[in-house]
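Right, one structure below, let's go through it.
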Amino acid sequence: MASASPTAATSQSTLPSGPAVFKTIPYAFILPEIICGAWVWILVAATSVSLPLLQGWVMYVSLTSCLISLLLLISYLFGFHRNSNNWKVLDSLYHGATAILYLSAAVLQANATINSEFSPNSPPAYQLNCAASFFAFITTFLYILHAFSNYYQ
């Protein structure tokens with residue numbers, strides 16, 4: 001039987017801790033995900049919600065994702081992972097699932113934007129909804145980038 005070589009164990013990539021989180025791909029995407037996600041729920045909250053079911057889902061996804069990503073960032077900064085491979089799996093699953101949920105929220109926000117174009121208070125609501133849709137798609141793209149770069153790493 002072939003034995004495991006000692007170089008295989010040492011060649012595993014380590015998970016970043018502290019400020020190295022902001023310099024390491026894919027973990028450097030966490031802070032922009034939080035910032036863009038916060039913009040989504042702030043902009044949706046600032047609009048007069050014309051479609052509560054659609055924009056309620058957008059608020060739920062953006063707020064929950066923002067909070068969970070913040071907890072994940074804090075755990076990476078303080079090194080709670082202790083360089084365990086389970087954290088890589090957790091990170092991959094979380095960002096993959098969140099990318100799918102955020103894509104659904106971004107599409108629903110775009111639908112709400114189209115519907116708000118013809119509302120009586122059109123200019124302010126439409127502009128806020130346009131900005132929320134833009135940031136929702138940017139955040140979706142960031143979550144997809146994080147998931148794929150974590151998968152290929």
Side-chain angles (χ1 to χ4, degrees), residues 13 15-153:
S13 63
L15 295 173
S17 293
V21 171
F22 301 114
K23 300 174 188 173
T24 309
I25 299 290
Y27 308 103
F29 293 129
I30 295 176
L31 190 61
E33 291 165 2
I34 293 170
I35 292 170
C36 290
W39 271 112
V40 171
W41 65 267
I42 289 169
L43 289 167
V44 171
T47 64
S48 58
V49 176
S50 57
L51 302 165
L53 187 60
L54 300 181
Q55 290 184 302
W57 175 250
V58 174
M59 286 290 289
Y60 172 74
V61 169
S62 61
L63 187 58
T64 323
S65 301
C66 187
L67 291 176
I68 293 173
S69 292
L70 183 64
L71 289 174
L72 195 62
L73 177 65
I74 289 170
S75 66
Y76 278 124
L77 284 174
F78 290 118
F80 294 143
H81 53 76
R82 296 189 186 118
N83 211 18
S84 171
N85 281 334
N86 294 335
W87 279 83
K88 284 186 177 183
V89 173
L90 171 78
D91 193 55
S92 295
L93 290 175
Y94 167 69
H95 282 91
T98 306
I100 294 168
L101 293 176
Y102 235 109
L103 182 61
S104 71
V107 169
L108 290 176
Q109 180 58 37
N111 184 17
T113 301
I114 292 168
N115 289 336
S116 73
E117 184 177 11
F118 303 109
S119 69
N121 55 354
S122 181
Y126 180 70
Q127 291 170 349
L128 288 172
N129 280 325
C130 279
S133 296
F134 173 76
F135 280 110
F137 280 107
I138 293 296
T139 309
T140 302
F141 182 66
L142 287 169
Y143 276 105
I144 290 170
L145 274 178
H146 189 126
F148 275 118
S149 60
N150 204 6
Y151 176 75
Y152 285 115
Q153 190 177 28

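Everything quoted here is computed from the prediction, not taken from an experiment.
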For the CD1 atom of Ile114 and the OH atom of Tyr126, what is their distance to the nearest 0.5 Å? 8.0 Å

Pair Ser65, Thr98: side-chain N/O donor-acceptor within cut-off below 3.5 Å: no

Report yes if some heavy atom in the side chain of His146 is under 4.5 Å from a heavy atom in the side chain of Asp91; otherwise report no. yes

Value for OG (Ser69) from OH (Tyr76), rounded to nearest 0.5 Å, stands at 10.5 Å

Check the orientation of Phe135 and Trp39. Use parallel for under 30°, tilted for 30 to 60°, and perpendicular for over 60°. parallel

How long is the span from the CG atom in Leu70 to the CG atom in Leu31, to the nearest 0.5 Å? 9.5 Å

Here the pair of heavy atoms bringing Ala136 nearest to Val40 is N-CG2, 3.4 Å

Where Ala110 and Phe137 come nearest, the two heavy atoms and their spacing: CB-CE1, 4.1 Å

Write down the atom of Thr140, the atom of Ala99, and the distance for their closest heavy-atom approach. CG2-O, 3.9 Å

Measure the CD1-CE distance between Ile42 and Met59 for me, rounded to the nearest 0.5 Å. 9.5 Å

Side chain to side chain contact (heavy atoms under 4.5 Å, CB included), paired with Gln55, selected from Leu108, Asn111, Asn129: Asn129

Side chains of Ile138 and Leu142 in contact at under 4.5 Å (non-hydrogen atoms): yes

Taking the side chain as C-beta and beyond, is there a heavy-atom pair between Tyr143 and Ile100 under 4.5 Å? no

Drop me the distance from Ile30's CD1 to Ser75's OG, to the nearest 0.5 angstrom. 7.5 Å

Leu128 versus Ala46, closest heavy-atom pair with distance: CD1-O, 3.7 Å

Just wondering, are more than 12 heavy atoms of other shown residues or ligands nearer than 6.0 Å to CZ in Phe141? no

What residues form a side chain to side chain contact (heavy atoms under 4.5 Å, CB included) with Cys66, not counting sequence neighbours? Ile34, Ala38, Trp41

Separation between CG (Leu101) and OH (Tyr94), nearest 0.5 Å, reads 9.5 Å

Shortest non-hydrogen contact from Tyr102 to Gly37? OH-CA, 3.3 Å

4.5 Å side-chain heavy-atom contact, Leu43 and Gln109: no

